[in-house]
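Working notes, structure below.
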Amino acid sequence: MSNALQVEGLKKRFGTKEVLKGVSFSVPENSVFGFIGQNGAGKTTTMKTILGLLQQDEGVITVFGEKVTYGNTKTNRMVGYLPDVPEFYDYMTTREYLRLCAEIAGVPAGERKERIEEMLKMVGLADEKHRIKGFSRGMKQRLGIAQALLHKPKLLICDEPTSALDPTGRKEILDALQAAKVQTTVLFSTHILSDVERICDRAAILHNGEIVLTGTMEELHARKNGNDFLVSASGRGEMEALQAHFPKFEEAEIVGQENVLRWRKGSREDFRQVLSYIADRDIAIRGAEWAEATLEDLFLSVTKETPSGTETEVSGV
Ligand SMILES: Nc1ncnc2c1ncn2[C@@H]1O[C@H](COP(=O)(O)OP(=O)(O)OP(=O)(O)O)[C@@H](O)[C@H]1O
Ligand SMILES: [Mg+2]
């Protein structure tokens, strides 16, 4: 499998602020790749550099083996882009707008109509006759995806396409991106980890200007060493007794009527010991359970364990 995108040693500073400190990752052809990072992590900066809109200080980017250059990079003929805040002509209908975009993108005149209908169908806007002005955010994002795919790019880059959306809107976008995978490779940025879990084949976590973790979803999940386990009780006394004996339990959270103790990344043996302690002393608990570790937990542990500017054991999967 060849790479649709390869980013190697990308560095970028704004003034004295080093935003990207040697970012490397690659996106295999026909995959959906999640580019994860908190606000200000450098996602947009990375994407704009891939599009030749920003000039890196160091590093090499290739799109299908062809080097990206700053300015009007030729590689953009292979790339579709949905920016983080897309702008539309509100007074137009979807078809008017896409006709304009198709013209600008150089879609041959004879192919435009068919391509536009195909894209509108794919993003679920084929029956929409109204002007863009009345569109919800989700509808605008879907139109943005249709626009980005008009010229049949081999790589689709979407900057936080789901961030401003409610769960229904997010699902529609994720469905559209997944549908797009049949014809293109998708790179999208997000801080919503459940979106990544839902549709991505691979992902990378950008933190403090570095990729702290990247790999297939299976590889990322395999990084979770141990699950959390939770013990709940209605009284505080039970919780305090347990915590005193097992300091690995975190401060009790109150969830509804219950006090819940959490032990992060416990082993089966840890859990067994807790249960036998509870049984031996007849401590009144309401429940004890494993909490399946999510990408969210992994993200938190990776970003917590990464003091600024240092390598971590988890980098370079
Ligand atoms: N043109 C610029 N001039 C100066 N600083 C900039 C510029 N563009 C971005 N930055 C800074 O670079 C850092 C990364 O910004 P970037 O927009 O790439 O982050 P992001 O991951 O896309 O964040 P968000 O989730 O908020 O969109 C931020 O600290 C930002 O303030
Ligand atoms: Mg951004």
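Computation of the quantities below employed the complete heavy-atom set of this structure, encompassing side-chain atoms and omitting hydrogens, waters and symmetry-equivalent molecules. Nothing fancy with the numbering, it's 1 onward along the sequence.
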Criterion side-chain hydrogen bond (donor to acceptor under 3.5 Å, both in side chains) on E58 and Q56, from CA distance to verdict: CA-CA 5 Å; E58 278 179 49; Q56 67 266 46; over 6 Å; no
Any side-chain donor near an acceptor of the partner, R170 and S194, under 3.5 Å: yes
R137 atom CZ: more than 12 heavy-atom contacts under 6.0 Å: no
E66/K74 ion pair, N-O < 4.0 Å: no
Validation row: N3, V27 side chains within 4.5 angstrom (heavy atoms): no
Aromatic ring pairing Y277/H245, orientation class (parallel under 30°, perpendicular over 60°, tilted between): parallel
Result of checking R99, R95, R112 against E117 for salt bridge (charged side-chain N to carboxylate O under 4.0 Å, His left out): R95
Greater than 12 external heavy atoms within 6.0 Å of K171's NZ: no
Identified salt bridge (charged side-chain N to carboxylate O under 4.0 Å, His left out) counterpart of D228 within the set R262, K265, K248: R262
Check ion pair K43-D84 (N to O, under 4.0 angstrom): no
Centroid separation Y97 to F88 less than 6.0 Å: yes
Reported OH-to-CG distance for the pair Y81 and L187, which is rounded to 0.5 angstrom: 11.0 Å
Face-on cation placement of K133 at F135 ring, 6.0 Å and 45° thresholds: no
Salt-bridge criterion met for E18 and K21 (N-O under 4.0 Å): no
Contact check, side chains of L51 and T73, non-hydrogen atoms, under 4.5 Å: no
Sub-4.5 Å side-chain heavy-atom contact between L100 and M92: yes
Close side-chain approach of L149 to M122, heavy-atom, < 4.5 Å: yes
Side-chain heavy atoms of F35 within contact of T190, under 4.5 Å: no
Salt bridge D90-R131, side-chain N to carboxylate O under 4.0 Å: no
N30 and T185 side chains, donor-acceptor separation under 3.5 Å: no
ILVMFWY network linking V32 to M78, side-chain heavy atoms under 4.5 angstrom: no
Pairwise side-chain contact, L213 with L220, heavy-atom cut-off 4.5 Å (strictly under): yes
D127 atom CG, neighbour heavy-atom count above 12 within 6.0 Å: no
Note, L193 side chain near I36 side chain (heavy atom, < 4.5 Å): yes
Exceeds 12 heavy-atom contacts within 6.0 angstrom, atom CD of E269: yes
Heavy-atom side-chain proximity of L125 to M139 below 4.5 angstrom: yes
Geometric class of the F246/F249 ring pair [parallel <30°, tilted 30-60°, perpendicular >60°]: perpendicular
